[in-house]
Visitor: 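Have a look at this one.
Lettering of chains follows the sequences in order, A, B, ..., and the numbering in each one begins at 1. Computed from heavy atoms alone, side chains included, the values below leave out hydrogens, waters and symmetry copies.
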There are 2 protein chains.
Amino acid sequence: MATIQEVAKKAGVSVATVSRVLNNSHTVKETTRFKVEQAIGALNYAPSVLGRNLRNSESRLLLVLIPSISNPFYTEIINGIEDTAIHEGYNIMLCETDSNPQREAIYFNLVRNRMADGIILMDPTINRNNVLQLAETHPIVQCSEFDKEGHISYVSINNELAAYQAVKHLIKIGKRKIAFINSDEKFLYARERKAGYEKAFNEYDMSVEAKWMYNIQKLNFESGQQAMRTLLNQADRPDAVFAVSDVLAIGALKEIHASGLNVPNDIAVIGFDKISFSNMTYPTLTTVSQPMYRMGCISATMIIKKIRGEKVESMLLEHELIIREST
Amino acid sequence: MATIQEVAKKAGVSVATVSRVLNNSHTVKETTRFKVEQAIGALNYAPSVLGRNLRNSESRLLLVLIPSISNPFYTEIINGIEDTAIHEGYNIMLCETDSNPQREAIYFNLVRNRMADGIILMDPTINRNNVLQLAETHPIVQCSEFDKEGHISYVSINNELAAYQAVKHLIKIGKRKIAFINSDEKFLYARERKAGYEKAFNEYDMSVEAKWMYNIQKLNFESGQQAMRTLLNQADRPDAVFAVSDVLAIGALKEIHASGLNVPNDIAVIGFDKISFSNMTYPTLTTVSQPMYRMGCISATMIIKKIRGEKVESMLLEHELIIREST
DNA sequence: CCTCTAATTGTAATCGATTACAATAAATCT
DNA sequence: AGATTTATTGTAATCGATTACAATTAGAGG
């Protein structure tokens, strides 16, 4: 590949002038610019981002850390991030942590090593101290999941309110024995949605029963099935289920179906996230919709501001309860 | 952030020695190594990948281009790529082209600009000439979708055979009016699977009817529904459907259900890819499974070999027909 | 204690760009 | 024309690492 030196020689100018053409500085004469552009074309030259980045000490790369790309919840967020990033001249590196501390270390080092300029963090399971420490010296924003005590900016929704409204909806359609399929409570959203669930129960003087609570380990369909199986095997079976993720709710739906019960008459089901598949289930799934694309855009804007050294403020966006056939 | 110079000064050695410690050269005395490591620790130093990359003229970054991250088909492939890449000391940049030529240009330039060392290409819709031209000078491999005429290495499956077997399976369970929901035939897999479909028809002396073929535009659930709606509205409705993607098949399933027909008795359905959702539908979906994780691993290995200047050979991997409730 | 070889360490060039500052060319003004 | 200002272009330092080669130090042998 050609370098800027070769272009300069071919065009009969200095490297500085070539660089000026590249960065379209207005201080270069039209005829010179033309010569340089000819040379660039002739040599099929493209500037090395390596040299430029070293000089400017930036990489124009954003690290996006997600627990798992297979969860459709993240795809819209990522679209938002990518659109915004490209618009601002950044590219993104999408990295799946798999909640694996070794990967975490690798990816965090990409920022320490200046391979990336900042991190959009969506993986809540990552070692808290590491994150806080990294945030001391490098730009980080949290998206969706965040650390309430920390001082790291975030964009998310009001999970407690959303869960409260979802459960209240179930109560209003006459359900009282409402089961709760939750994630591991190390996740903030899990704790907050649980609080919302309990708040609704308290408001209607219903008692929160441990037997109707189930915490899954892995966020996939099978966990939802497994959870529902356990819940159905009880003497006093629930008449509704609130799952903290559509993926779990769909697994539950499947299991209810397998046991010959009807949704929503026997058991109503409500999920969370409004993933696109949630409209394809039988029956279609009632769910809580989050403004995922916007969350992505906002977190990208936030991290870029942070990289530029500007101040940013955390935000909580609006959610919406989408009532469909399953309730 | 500290630089190698500061570490050298603090440790009382030259930058060369620090570099040697960093790259654990064996020509450094144990006591010196210790001093340097102390300094590194004290300054919380991490080497800048920018400087190193410039010097080594490599980025250790692999570009992975996919049409859309929301298609679950790709997630397993990506896992394979990522695992292999990390193991070989590479990181990946996952990029969604959205089949958008502008994005294509941006991402292709990342290789030209040496921001990435090579490309794993899964987006078939990209301008063919651009790809071939880029492949002249830069490492590219194709995964899943590929260019038969080109000379670019690929890893994929035998789509024609897989489709042939799928359709034959439908014929064997007594179906004769087999509809075909296909993608745009600009895609190789679409053309090949169509060939397989026709081959099965010919073998059983069945005539391929245009009215049972439907080409979708966008690969999502809604397209599958739309396609099925059209197929059902015909006087002579099909008794089976072969869709080239589970996503489409699931949409079709939904539509069949909505029209009150039974799967598989009235209409059998078969998909392609074995995405994880396909086991959550009602009824569960018969589908063709591809070794996606392995495809990912192999394509990563191939591109890394190419980057190192080694020769690589294209491969076709084995597929498998997974028979479930929908047929 | 001195020589000679082997083991360490240091010096300085290099990768490919950007940019402050200096130098030159062109344009404007007396 | 000559002086002065302005527009263009060039020179060389710089970013942070790696590494060939030179220089130094240490160890072995006499």
Visitor: Provide, to the nearest angstrom, the distance between the CG atom belonging to Asn24(B) and the C1' atom belonging to dT8(C).
Guide: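 Taking CG of Asn24(B) and C1' of dT8(C), I get 17 Å after rounding.
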Visitor: Within this structure, what is the NZ-to-P distance between Lys35(B) and dT8(C), rounded to whole angstrom?
Guide: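 Taking atom P of dT8(C) as the reference, NZ of Lys35(B) is at 14 Å.
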Visitor: Do the side chain of Asn71(B) and the main chain of Phe73(B) share a donor and acceptor less than 3.5 angstrom apart?
Guide: yes
Visitor: For dG16(D), take OP1 and OP2 only and decide whether either is under 4.0 Å from a side-chain N or O of Arg52(B).
Guide: no
Visitor: Keeping the roles fixed (side chain from Glu104(B), backbone from Thr97(B)), state whether a donor-acceptor pair exists under 3.5 Å.
Guide: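 Checking the backbone N and O of Thr97(B) against the side chain of Glu104(B), no donor-acceptor pair under 3.5 Å is found.
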Visitor: Base, sugar-phosphate, or nothing: which does Asn23(B) touch, judged by heavy atoms less than 4.0 Å apart?
Guide: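 It contacts sugar-phosphate atoms only.
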Visitor: Without swapping roles, check the side chain of Ser57(B) against the backbone of Leu54(B) for a donor-acceptor pair under 3.5 Å.
Guide: no
Visitor: For Lys29(B) and dT8(C), give me the distance from atom NZ to atom C1', rounded to whole Å.
Guide: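 Atom-to-atom, Lys29(B) to dT8(C), this comes out as 7 Å.
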Visitor: For Glu310(B), I'd like to know if atom CD has over 12 heavy atoms of other residues, nucleotides or ligands within 6.0 Å.
Guide: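 Yes, CD of Glu310(B) has more than 12 neighbouring heavy atoms, counting only those of other groups under 6.0 Å.
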Visitor: Rounded to whole angstrom units, what separation is found between the NE2 atom of His26(B) and the C1' atom of dA6(C)?
Guide: 13 Å
Visitor: Regarding dG16(D), can its base be found pairing with the side chain of Arg55(A) as donor and acceptor, where the two atoms are less than 3.5 Å apart?
Guide: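 No.
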Visitor: When you measure from the side-chain N and O atoms of Thr17(A) to the phosphate of dT9(D), is any distance below 4.0 Å, counting only OP1 and OP2?
Guide: no
Visitor: Indicate whether OP1 or OP2 belonging to dG16(C) is found under 4.0 Å from a side-chain N or O atom of Ser48(A).
Guide: no
Visitor: Does any part of the side chain of Ser48(A), heavy atoms only, come nearer than 4.5 Å to the side chain of Thr3(A), both counted from C-beta?
Guide: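 A side-chain contact under 4.5 Å is absent here.
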Visitor: NA contact type, Thr27(A), heavy-atom cut-off 4.0 Å: base, sugar-phosphate, or nothing?
Guide: base
Visitor: Base, sugar-phosphate or nothing for Val18(B)? Non-hydrogen atoms, less than 4.0 Å.
Guide: nothing
Visitor: Report the residue (Arg33(B) or Asn56(B)) whose heavy-atom-nearest nucleotide on DNA chain C is the more 5′ of the two.
Guide: Arg33(B)
Visitor: Considering every strand and a 4.0 Å limit on heavy-atom distances, what is the contact class for Ser19(B): base, sugar-phosphate, or nothing?
Guide: base
Visitor: Walk me through it: do Asn79(B) and Glu82(B) pass the test side-chain hydrogen bond (donor to acceptor under 3.5 Å, both in side chains)?
Guide: CA-CA 5 Å; Asn79(B) 283 334; Glu82(B) 192 152 25; over 6 Å; no
Visitor: DNA chain C: Thr32(B) or Leu22(A), which has the more 5' nearest nucleotide?
Guide: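 Per heavy-atom nearest nucleotide, the more 5' residue is Thr32(B).
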Visitor: Is any side-chain N or O of Ser14(B) closer than 4.0 Å to OP1 or OP2 of dT11(C)?
Guide: no
Visitor: Rounded to the Å, how far apart are Asn113(A) CG and dT18(D) C1'?
Guide: 15 Å
Visitor: Nearest-Å distance, CZ (Arg112(B)) to P (dG16(C))?
Guide: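 Result: 18 Å.
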Visitor: Take atom CZ of Arg114(B) and atom C1' of dG16(C), then tell me their distance rounded to the nearest Å.
Guide: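 Those two atoms, CZ and C1', are 8 Å apart.
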Visitor: Base, sugar-phosphate, or nothing for Val49(A), non-hydrogen atoms under 4.0 angstrom?
Guide: nothing
Visitor: Quick one: label Leu54(A) by what it contacts on the DNA or RNA (base, sugar-phosphate, nothing), any heavy atom closer than 4.0 Å.
Guide: base
Visitor: When you get a sec, tell me which of dT18(D), dT18(C), dT9(C) is the closest nucleotide to the side chain of Ile4(B)?
Guide: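 From the listed options, dT18(D) comes nearest.
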Visitor: Which whole-number value in Å describes the distance from Leu50(B) CG to dT18(D) P?
Guide: 12 Å
